[in-house]
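Everything below concerns the one structure shown next.
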Amino acid sequence: MGKKHETPLLDELKKGKWVSFVREIERAAEKSERTEDLLGQVENSYRDKITHWKHGGMAGVRGYGAGLVGRFTEFPEKYPGVKECHSMRVNQTSGFFYNSDILRKIADIAEQHAGGLLNLHGSTGDIQILGVWQEEAEEAFQKCAELGFDLGGGGSDLRTPSCCVGPARCEFANYDTLQICYDMTQAFQDEMHRPSFNYKFKLKFSGCSNDCVAAASRSDMAFIGTWKDKIKINQDEVKNYVKKFNVQKYVLDKCPTKCMLFEGENLVIDDSNCVKCMHCINEMPKALRSGDEKGLSILLGAKAPLVTGPRLGMMLVPFYDVLEDSKNDYEWLKGLISNMWEFWDEYGVSRERIGELMQRVGVVTFLEGIGLEPIPEMVNHPRGNPFIKFTDDED
Amino acid sequence: MGKKHETPLLDELKKGKWVSFVREIERAAEKSERTEDLLGQVENSYRDKITHWKHGGMAGVRGYGAGLVGRFTEFPEKYPGVKECHSMRVNQTSGFFYNSDILRKIADIAEQHAGGLLNLHGSTGDIQILGVWQEEAEEAFQKCAELGFDLGGGGSDLRTPSCCVGPARCEFANYDTLQICYDMTQAFQDEMHRPSFNYKFKLKFSGCSNDCVAAASRSDMAFIGTWKDKIKINQDEVKNYVKKFNVQKYVLDKCPTKCMLFEGENLVIDDSNCVKCMHCINEMPKALRSGDEKGLSILLGAKAPLVTGPRLGMMLVPFYDVLEDSKNDYEWLKGLISNMWEFWDEYGVSRERIGELMQRVGVVTFLEGIGLEPIPEMVNHPRGNPFIKFTDDED
Amino acid sequence: MPEEVKKKRITDIGPHDFHDYLPPVIKKNYGKWAYHEILDTGSMVHVAENGDKIYTVRMGSPRLVSGSFVRDLCDMADKYCGGYLRFTTRNNVEFLLDDKNNIEPLKKDLEKLGYNVGGIGNVVANIVHTQGWVHCHTSASDASGVVKAVMDELYEYFVEDKLPSKVRIAFACCLNMCGSVASSDIAIMGMHRKVPKIDSEKILNLCEIPSTIAACPTNSIRPDTKDGKQTVKINDETCVFCGSCYTVCPAMPIADSLNDGISIWVGGKVSNARIKPTFSKLVIPFIPNDPPRWPKVVEAVKTIITAYKNGAEPGERVVEWIERIGWTRFFKITGFEFTKYHVDDFRLAETTMNYSSQVRF
Amino acid sequence: MPEEVKKKRITDIGPHDFHDYLPPVIKKNYGKWAYHEILDTGSMVHVAENGDKIYTVRMGSPRLVSGSFVRDLCDMADKYCGGYLRFTTRNNVEFLLDDKNNIEPLKKDLEKLGYNVGGIGNVVANIVHTQGWVHCHTSASDASGVVKAVMDELYEYFVEDKLPSKVRIAFACCLNMCGSVASSDIAIMGMHRKVPKIDSEKILNLCEIPSTIAACPTNSIRPDTKDGKQTVKINDETCVFCGSCYTVCPAMPIADSLNDGISIWVGGKVSNARIKPTFSKLVIPFIPNDPPRWPKVVEAVKTIITAYKNGAEPGERVVEWIERIGWTRFFKITGFEFTKYHVDDFRLAETTMNYSSQVRF
Ligand code: SRM
Ligand code: SRM
Ligand code: SRM
Ligand code: SRM
Ligand code: SF4
Ligand code: SF4
Ligand code: SF4
Ligand code: SF4
Ligand code: SF4
Ligand code: SF4
Ligand code: SF4
Ligand code: SF4
């Protein structure tokens, strides 16, 4: 079977040991003819060292303002198969768990109604089906929906929430990341499908401060599991680790607050000074476990650089008892989120992420706006400059 | 001898173990009558909880724009002795060394031509003689001058340079702080006495990074002694210290780069990773000494909070071989200083300290302006945001 | 009636409930895992409080995959683990086995099919990345191609555990940073270097001028008129080529064949283990695009990995190593040049300077 | 001729050459000191490479001193050390002895005269301070009085070595911070809390309006006219009472008997030993002026010193202790209230937040 387009440059990327995306595009093209033109267009970019996609153009399904990213080639004549080449964002399962049955069905849809290509997964977390044409978008969507999969977020809306593997397969999880991710996604379907925010808003859930879903570096609201009480110590297992490696050097000396010490052979932790960094637990999972009073911290405002510079998540709520709140259908959390969205709606400007708003109006004003008190956990240190705005309530 | 003014509040401050400034004002008043009114005015402030000095008013000596700080009372009728109450700033000796002979003569001047009160020393370093009247300023000045003491800086000029005790009485000194402080003061007499800068400019000299004259927290240009080569180790003395205290815990573990270790009983330092913080030398002065290749670092831009916030000194020149340069009458250093003053003169605005100018125009522009290259020593870390201003010379 | 119900459009149902796809042993021990052990770079075991075990076999993925790829996975999963599998947050595939004896056969089968087993432990993890020339209009470089070239070179570090700690590499084809590279051990990022062109013919149709102006981080855009029509102008002196204006306004294209390329960043970290999360820092401001295999980018990444491997102590992430030896030495060791571009000049620039006399010589 | 020469005005001669005042043993061993030993809080010895020794006896000073005080020092210096003495950078007096046997007699004589011997080692050093109501028009509080009250209370810490490390306290009577309090272990600072009054009658005479406007860190000052005359107005909502406008414009007085007072700051550091220099941080935003002895200020400082003494490890400066235990605990231990004022809202505020999940419970 002859190739539609010669791709000498891309062919170079079939060499080497790492599995090749070029090979994948080719395999997709075997099933979905239009993707031959994708190969051609990408080869063209490789030659010209420039993208050949046009900016903008609409794509979508009825009643939804999100879920499809429109994409059109600059060269519709040359590459008619990608005249339209939209991506459909299909909301993944919590923790990315699947079975072969469902995955094959999704592959079917990708091959039958799109370019046979997928991103598993998009950077936000969605299953992305690439190469969708507008005319078949609705059908592809409904086929996904029949499998129980709705579309994900896009545009100025709540983006598809995502979480780490958590309690499903990780002993470190301090709360049920998968469940709350699912529950919140369900609770905010309207906010996901019908963009009406100033800009995007992302939620991610990590079961502990290892933050395996990188929540605090890329979601407006990051949920990081933690505990309030003492680390549980199995002294026998500590002794086993001591036989295996230099626990003093690699664990105790690296504790950020140096709150651990050996009393004889026994490990002692000053838990009041532990910052729940996970390091000791990571190094000695058999010997140490987080406490019983589990919950999560909420960090606010992480985002990419544009416009005012990159941000990491800032400590907003040191301890949220998610288990308790889930019994009331997350009343407290939903209240907090809706306070934030209202404040953002009222005071934010277009294309201003919530972290940027907080920065612009000032943390204290923001806290007042959403109904939280300033507490020392929020700061690295109190102010170092003397420009204090005393208010009259102080007299 | 009855008191001119009752001072029940100030009298409270004669109680207690710490030597009392109220007693000092009283003793001054015994010699210089006018100072009785100072007591009265200060008591008045203690009653009213507010200062009673007027803002501004001129005082000075012929041909000098600096050296006297004018001060007038709000209540000249009530306190005629402090109708005028100027401070004369007399340039201290390097390292604040005196003998009884000269100090008595300075006390004479203070008693005969002022309020008999002194600050030993002002925060910048000057001997301050308080309570001078304009009419006697010239005579007081010339009497100081006859003793070999000129006036110090004030206003928008080079302020009186100052230094730590350095090689005179400290084993840690890496260069001659007293000599260069003296030499620079002499070199810039005109810049000190005749204000023509945008704002004040301060020079301070510390012999090592302990920074005992707090140069890097309060002088536009801070000179901090350092060395380039290896710390000298006396292993016998190390062993003596090991007998006295936990050297591992209190020295090695506190080294900021953890670049020291014991090989057997011998202390080994990875000097390439030593940041010359002085900690280990401070703790074991008998065992450790800085290297032979001595010099100093220059830090730029420290200042008080107004207007754009407080600043600490920023690393500008990691190593300056002051001994070598002093042989050429400090040609290099004077060049650097004059480049800075020219740049400041051209691009700075009134009441803008040089650190604020650097911040406003950007460090790279500032460095180009004064003829230095950007180097990694200047930064805590390279930029973390992607907003790079590529220039055409890059093509 | 049933006819109608069947035809009813399904909306707002959210994602499929994950419970349906949990393997039985996970369902049973959900939230009751006691500890894990890494067996090798391709497999690990999690042990439940009751002694139950789940074995994970991890396999690399290019993320941009065909339906056939998916079917390969499914076949393997059916053969070895009751059809259960998951993807990781870094786009790897994880097969979830309850029988230890299936680990080696599965690995062999995967390798036979040309897949890469590895990625667990002190390895270079799969490179998180973005669309590039395959799908995005903003890209300053391709994504998948660069990632492929780099991973070919670093292959040994995916399959063997021989680094001091985890190394997370991420790629983003423009400053929007969809690959969330901002906090990676090594970040590779597409860079534009030319001021956007302004298509004054189309701008009024395609763009909202006030929001275009607001999009600029350096306030470089001003309203203008050309031939009597409203348009904008850009201050060349202050534009930092970020492409933010283009993102909101298609009439301001910024991509440029000759001037686009790649920058390299180092020392970011997401986890809170030991030290706090931190951004990656610039180390190479620009490498011209050199498809298909970007040799200089590959070389730069390799240089960093090698220096890190030789210099870091066990357990030190890249940033911990660099902070211990200092940035001056990092530049010395790697041979990368420190330039004016490395000195921050954006909004919070002054907080990045060295306010101390602490330096290494 | 000789008559004329004698009368010639002396200018631009700089300070007296310090060499003239160095004791002989210092002259001889200048730059050749080998090490020092602290003998007690009042004395130390420096030993030269050749074995020569210089003994230092340190004595506290209120800094604002009379001629008689100076003569007392001179008498002591004549009696015990050939007339040689110096002052320290923190305004203490140091007698420079070559005979060890003179140490104790000198100390006794000083104490007999009512002076305080101490200040060396792990002590509260002399408080660096400023003019206050004794000389400055800007002051929000007195300086010497507060310092006296605090030092009376902390006296034991000046004469006995019983702290984990040095504690440097500084006082400034306004935000100009002449006492360079910005980086002190404990900083005490006068604060205004009312918007300056504008004397529109005098402003044109006394002030330059543009530079007055430029002086404001928060851009709160705008040009205005009143009764046809040029003046300024202040935005009450944004003014932070810094007094910068008053410094350049006498027609904008800010001092206020009822509303001025004192703030307390903690954890600054100047030396580069171990950790880098750092600013002091706010702990008590405001304590009303309460002369003559400012009991609440004294109590606050004492509370900090006591908490530090009990909590810090040997060798830890205040900031090192607080960073080890965390600010949350610092507030808990001292009982000081954390308020909205503690959260930075100035120019670089956002860099002071906690961007991590690391917290203590
Ligand atoms: C598809 C995806 C990249 C991928 O290859 O996976 C993607 C693709 C695009 N992103 Fe993104 N972003 C994707 C995840 C991210 C992430 C990562 C994340 O969500 O965890 C980020 C960084 C985190 C953040 O939100 O700050 C991200 C930050 C951006 C930004 C910068 C936002 C900012 O506030 O700075 C833009 C620009 C914009 O929104 O205008 C952007 C815009 C875009 C656009 C829509 C291009 C544009 O200029 O309008 C891209 C469409 C490309 C295409 O044609 O396929 N994308 N984008 C990811 C979404 C897939 C999914 O739903 O799973
Ligand atoms: C006398 C002295 C305080 C003392 O009690 O020792 C002093 C007194 C004044 N300072 Fe100061 N400063 C004195 C050392 C300092 C220092 C410390 C230093 O030099 O090491 C600083 C902080 C370091 C710095 O320069 O940033 C300092 C930062 C200021 C500032 C703020 C400058 C800034 O850039 O933020 C001002 C305001 C101004 O210049 O307009 C100021 C202004 C003033 C004025 C002139 C008041 C004014 O608003 O114009 C004060 C006169 C008081 C008086 O009537 O006696 N003074 N001033 C110190 C000079 C004595 C001497 O020559 O030895
Ligand atoms: C599978 C996955 C979660 C998921 O939901 O998919 C996962 C799983 C585990 N992580 Fe993770 N991490 C996963 C992404 C991450 C990320 C996010 C990322 O890379 O984008 C991070 C933050 C990275 C960072 O800090 O920049 C992350 C930081 C950690 C850490 C902290 C390491 C450190 O010292 O900084 C640990 C602890 C450790 O390894 O000792 C950890 C530990 C673990 C453990 C050992 C937890 C456990 O007991 O099961 C798991 C196996 C580790 C391994 O791969 O060596 N995981 N882990 C993700 C696998 C990604 C991959 O395919 O490579
Ligand atoms: C006399 C004096 C220099 C002068 O020219 O006058 C001086 C003299 C010495 N200093 Fe200092 N320092 C002097 C002000 C300072 C200052 C400046 C200040 O306080 O304003 C600092 C910076 C303070 C800060 O970091 O905030 C200072 C930070 C140090 C340090 C670093 C301590 C640390 O661990 O952070 C040392 C090292 C040590 O003590 O081990 C030191 C060590 C020393 C030694 C041991 C040096 C030596 O070998 O001679 C001297 C006796 C120490 C003592 O008093 O215990 N000196 N020293 C100053 C005495 C001030 C006073 O009367 O109390
Ligand atoms: S974030 Fe914590 S709980 Fe979640 S997978 Fe990673 S280590 Fe496990
Ligand atoms: S979790 Fe982190 S802070 Fe807490 S004891 Fe362990 S290493 Fe220390
Ligand atoms: S700064 Fe260094 S050299 Fe100067 S007195 Fe202090 S310790 Fe000695
Ligand atoms: S001077 Fe400081 S950095 Fe250098 S070895 Fe000593 S303690 Fe370490
Ligand atoms: S990083 Fe930029 S170029 Fe790449 S997919 Fe995202 S928006 Fe497009
Ligand atoms: S590329 Fe960026 S900096 Fe340049 S004009 Fe556009 S938005 Fe502004
Ligand atoms: S700190 Fe303020 S009030 Fe005190 S002397 Fe300096 S300028 Fe005057
Ligand atoms: S007191 Fe300070 S903030 Fe208020 S108007 Fe004056 S300069 Fe501005």
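Chain letters run A, B, ... following the sequence lines, proteins first, then strands; residues in each count from 1.
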Is chain A contacted by the side chain of Asp12(C), its backbone, both, or neither, given a heavy-atom distance below 4.5 Å?
both

Using a 4.5 angstrom heavy-atom cutoff, name the option from Thr93(A), Leu312(A), Thr185(A) with the most pairs to chain C.
Leu312(A)

What are the two closest heavy atoms between Asn126(C) and Phe158(C), and how far apart are they?
N-CE1, 4.1 Å

For chain A, find which of Val150(C), Asn272(C), Leu154(C), Val159(C) contributes the most heavy-atom pairs closer than 4.5 angstrom.
Asn272(C)

Name the option with the most non-hydrogen atom pairs under 4.5 Å to chain C; the candidates are Val275(A), Ile281(A), Val165(A).
Val165(A)

Examine whether an atom of Glu111(A) lies under 4.5 Å from a heavy atom of chain C, and if so say whether it belongs to the side chain, the backbone or both; otherwise answer neither.
side chain

Segment of Leu130(A) engaging chain C (4.5 angstrom heavy-atom cut-off)
side chain

According to salt bridge (Lys or Arg N to Asp or Glu O under 4.0 Å), does anything in residues 277-288 of chain A pair up with another residue at least two apart or in another chain? List the pairs.
Lys286(A)-Glu37(C)

Checking heavy atoms, do the side chain of Thr88(C), its backbone, both or neither come under 4.5 Å from chain A?
backbone

Chain A contact via Phe87(C) - which portion, at a heavy-atom distance below 4.5 Å
both

Heavy-atom distances under 4.5 Å only: say whether Ile25(A) touches chain C with side chain, backbone, both or neither.
side chain

Using a cut-off of under 4.5 Å on heavy-atom pairs, state which of Met278(A), Glu74(A), Glu12(A), Gln142(A) scores highest against chain C.
Gln142(A)

Cut-off 4.5 Å, heavy atoms of chain A, and the answer for Ile54(C) is side chain

Looking only at heavy atoms, the pair that brings Ala173(A) and Pro167(A) closest together is CB-N, 3.4 Å

How close do Pro217(C) and Val307(A) get, counting heavy atoms only, and between which atoms?
CB-O, 3.0 Å

Toward chain C, the part of Asn282(A) with a non-hydrogen atom under 4.5 Å
side chain

Distance-only side-chain donor-acceptor flag, Arg351(A) / Ser211(C), under 3.5 Å
no

Could you look at Met44(C) and say if it's the side chain, the backbone, both or neither that has a heavy atom under 4.5 Å from chain A?
side chain

Salt bridge or not for Glu49(C) and Arg289(A), using N-O below 4.0 Å?
yes

Main chain of Ser206(A), side chain of Tyr175(A): is a donor-acceptor contact present, judged purely on distance under 3.5 Å?
yes

Which is it for His279(A) and Cys255(A) under the side chain to side chain contact (heavy atoms under 4.5 Å, CB included) test, yes or no, and what are the steps along the way?
CA-CA 7 Å; His279(A) 175 65; Cys255(A) 167; 5.7 Å; no

So, the part of Cys81(C) with a heavy atom under 4.5 Å from chain A: the answer is neither

Applying a strict 4.5 Å limit to non-hydrogen atoms, the region of Lys31(A) in contact with chain C is side chain

Does any heavy atom of chain C fall under 4.5 Å from the side chain of Tyr182(A), the backbone, both, or neither of them?
side chain

Only pairs of heavy atoms separated by less than 4.5 Å count here; which of Asp78(C), Ile10(C), Asp256(C), Thr56(C) has the most with chain A?
Ile10(C)

Residue Cys208(A) versus chain C: region with a heavy atom under 4.5 Å:
neither

With a 4.5 angstrom heavy-atom cut-off, could you sort out which part of Ala214(A) is near chain C: side chain, backbone, both or neither?
both

Side chain from CB out, backbone as N, CA, C, O: work out which of these in Phe172(A) comes under 4.5 Å of a heavy atom of chain C, or both, or neither.
side chain

Heavy-atom distances under 4.5 Å only: say whether Tyr64(A) touches chain C with side chain, backbone, both or neither.
side chain

Answer yes or no: is there a donor N or O on one side and an acceptor on the other, between the side chain of Gln186(A) and the main chain of Ile13(C), under 3.5 Å?
yes

If you tally heavy-atom pairs under 4.5 Å against chain A, which of Ser183(C), Ser271(C), Ser144(C) wins?
Ser144(C)

Chain A contact via Asp17(C) - which portion, at a heavy-atom distance below 4.5 Å
both

Measure Leu38(A) against the heavy atoms of chain C and call it side chain, backbone, both or neither at under 4.5 Å.
side chain

Structural part of Arg347(C) lying under 4.5 Å from a heavy atom of chain A
side chain

Only pairs of heavy atoms separated by less than 4.5 Å count here; which of Gln92(A), His52(A), His193(A) has the most with chain C?
His193(A)

Would you mind checking if Glu138(A) and Arg9(C) are paired as a salt bridge, meaning a charged N to carboxylate O distance below 4.0 Å?
yes

When the 4.5 angstrom heavy-atom criterion is applied to His19(C) and chain A, the contacting part is side chain

Taking all heavy atoms of Asn91(A) and all of Asp126(A), pick out the closest pair and write down the distance.
CA-OD1, 3.6 Å

Look at Arg27(A) together with Glu24(A) and state whether they make a salt bridge at an N to O cut-off of under 4.0 Å.
yes

Residue from Asn210(A), Val42(A), Leu178(A) scoring the most non-hydrogen pairs under 4.5 Å with chain C is Leu178(A)

Please classify the contact between Val61(A) and chain C as side chain, backbone, both or neither, with a heavy-atom cut-off of under 4.5 Å.
both

When Ala215(C), Gly268(C), Gly132(C), Cys216(C) are compared by non-hydrogen pairs under 4.5 Å with chain A, the top option:
Ala215(C)

Measuring heavy-atom distances to chain A, does Val70(C) have an atom under 4.5 Å in its side chain, in its backbone, in both, or in neither?
side chain

Relative to chain A, which of Lys276(C), Met177(C), His46(C) shows the most heavy atom pairs under 4.5 Å?
His46(C)

Looking at Cys207(C) and Cys249(C), are the sulfur gammas closer than 2.5 Å to each other?
yes

Tell me whether Lys27(C) is salt-bridged to Asp20(C), with the criterion being a basic N under 4.0 Å from an acidic carboxylate O.
no

Considering only heavy atoms, which portion of Glu153(C) lies under 4.5 Å from any heavy atom of chain A: side chain, backbone, both, or neither?
neither

Whether Asn289(C) side chain and Ala140(C) backbone form a donor-acceptor pair below 3.5 Å
yes

Measure from NZ or CZ of Arg86(C) to the centre of the six-membered ring of Phe97(A) and say whether it is under 6.0 Å with the direction within 45° of the ring axis.
yes

Mark yes when over 12 heavy atoms from residues, nucleotides or ligands other than Lys14(A) sit less than 6.0 Å from its NZ; otherwise mark no.
yes

Against chain A, label Pro288(C) side chain, backbone, both or neither, depending on which of its atoms sit under 4.5 Å from a heavy atom there.
neither

Counting only non-hydrogen atoms closer than 4.5 Å, does Thr278(C) touch chain A with its backbone (N, CA, C, O), its side chain (CB onward), both, or neither?
backbone

Please report the C-alpha distance between Arg169(A) and Ile26(C) in whole Å, then the side-chain angles of each, then the deciding distance to 0.1 Å, and finally whether the side chain to side chain contact (heavy atoms under 4.5 Å, CB included) criterion is met.
CA-CA 7 Å; Arg169(A) 200 212 46 203; Ile26(C) 283 190; 4.3 Å; yes

Check each atom of His135(C) against the heavy atoms of chain A and say whether the ones under 4.5 Å are side chain, backbone, both or neither.
both

Ala110(A), part contacting chain C, at a heavy-atom distance under 4.5 Å
neither

Please find out if less than 6.0 Å separates the ring center of His16(C) from that of Tyr98(A).
no

Region of Phe72(A) that comes under 4.5 Å of a non-hydrogen atom in chain C
neither

May I ask you to say whether Arg104(A) pairs ionically with Asp75(C), meaning some side-chain N is under 4.0 Å from a carboxylate O?
yes

